[in-house]
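Below is one structure, written out as structure tokens; the observations come after it.
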Amino acid sequence: MRSWDIRTYQCLSIFQGHTAWVYSLTFSPDGSILASGSYDETIKLWDTVTGECIKTLRIPRPYEGMNITGTTGLTDAQRASLIALGAVDEEV
């Protein structure tokens, strides 16, 4: 993301950190913090002066950290789905 001066069209700062398109932005009431929502499934809070990411918020996926290594009876599609939802498979 980039911050622009709308009078001079100059780029003031670049906010780097999201890994997918940003679809939502909002400022804190005093303008010191910018919140950005992205398709990378995170919300990032930014210091508007420094451009530094203050905090990254993410919702835990339903199977986050579940170890499915060595499980039997799963199809390849089921295993891929579980991994996409946060499961860990050390055989992959």
Side-chain angles (χ1 to χ4, degrees):
M1 292 186 315
R2 295 176 186 227
S3 172
W4 297 89
D5 183 320
I6 60 173
R7 291 174 295 244
T8 64
Y9 302 106
Q10 276 195 318
C11 179
L12 300 175
S13 58
I14 298 173
F15 297 78
Q16 294 180 328
H18 284 295
T19 58
W21 288 94
V22 171
Y23 62 83
S24 180
L25 297 170
T26 191
F27 287 94
S28 64
D30 66 359
S32 64
I33 296 174
L34 173 67
S36 59
S38 169
Y39 284 106
D40 65 9
E41 299 180 355
T42 66
I43 297 170
K44 291 188 177 283
L45 304 178
W46 306 88
D47 181 311
T48 57
V49 174
T50 66
E52 177 184 345
C53 180
I54 301 167
K55 182 134 181 112
T56 299
L57 307 169
R58 71 175 41 91
I59 297 172
R61 295 175 291 177
Y63 296 96
E64 196 72 49
M66 177 187 283
N67 189 342
I68 60 170
T69 304
T71 55
T72 59
L74 293 175
T75 66
D76 288 342
Q78 289 169 325
R79 186 174 301 279
S81 294
L82 286 170
I83 291 169
L85 294 170
V88 177
D89 186 353
E90 295 173 2
E91 293 176 356
V92 174

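Under the side chain to side chain donor-acceptor pair (under 3.5 Å) criterion, E64 pairs with R61, sequence neighbours left out. Evaluation of the side chain to side chain donor-acceptor pair (under 3.5 Å) rule for Q78 yields T75 as partners, not counting sequence neighbours.
Residues R58 and D40 form no side-chain contact, since every pair of their non-hydrogen atoms from C-beta on lies 4.5 Å or further apart. Using a 4.5 Å cut-off on side-chain heavy atoms (C-beta onward), T19 and T42 make no contact. Side-chain contact between E41 and I59: absent, with no pair of heavy atoms (C-beta onward) separated by less than 4.5 Å.
The CD1 atom of I43 sits 10.5 Å away from atom OG1 of T56, with the distance rounded to the nearest 0.5 Å. We find the CG-CD1 distance between D89 and I83 to be 4.5 Å, quoted to the nearest 0.5 Å.
Side chain of S36 to main chain of L25: no donor-acceptor pair is present (N/O by atom type, distance under 3.5 Å, no hydrogens or angles). In terms of modelled atom types and a separation under 3.5 Å, the side chain of S24 and the main chain of G37 share no donor-acceptor contact.
Minimum interatomic distance between Q16 and W46 (heavy atoms only, all atoms of both residues): O-CH2, 3.2 Å.
Between Y23 and Y39, the ring planes lie tilted relative to each other; the angle falls in the 30° to 60° range.
Under the 4.5 Å side-chain heavy-atom criterion for ILVMFWY residues, a single connected hydrophobic cluster contains both V22 and L34.
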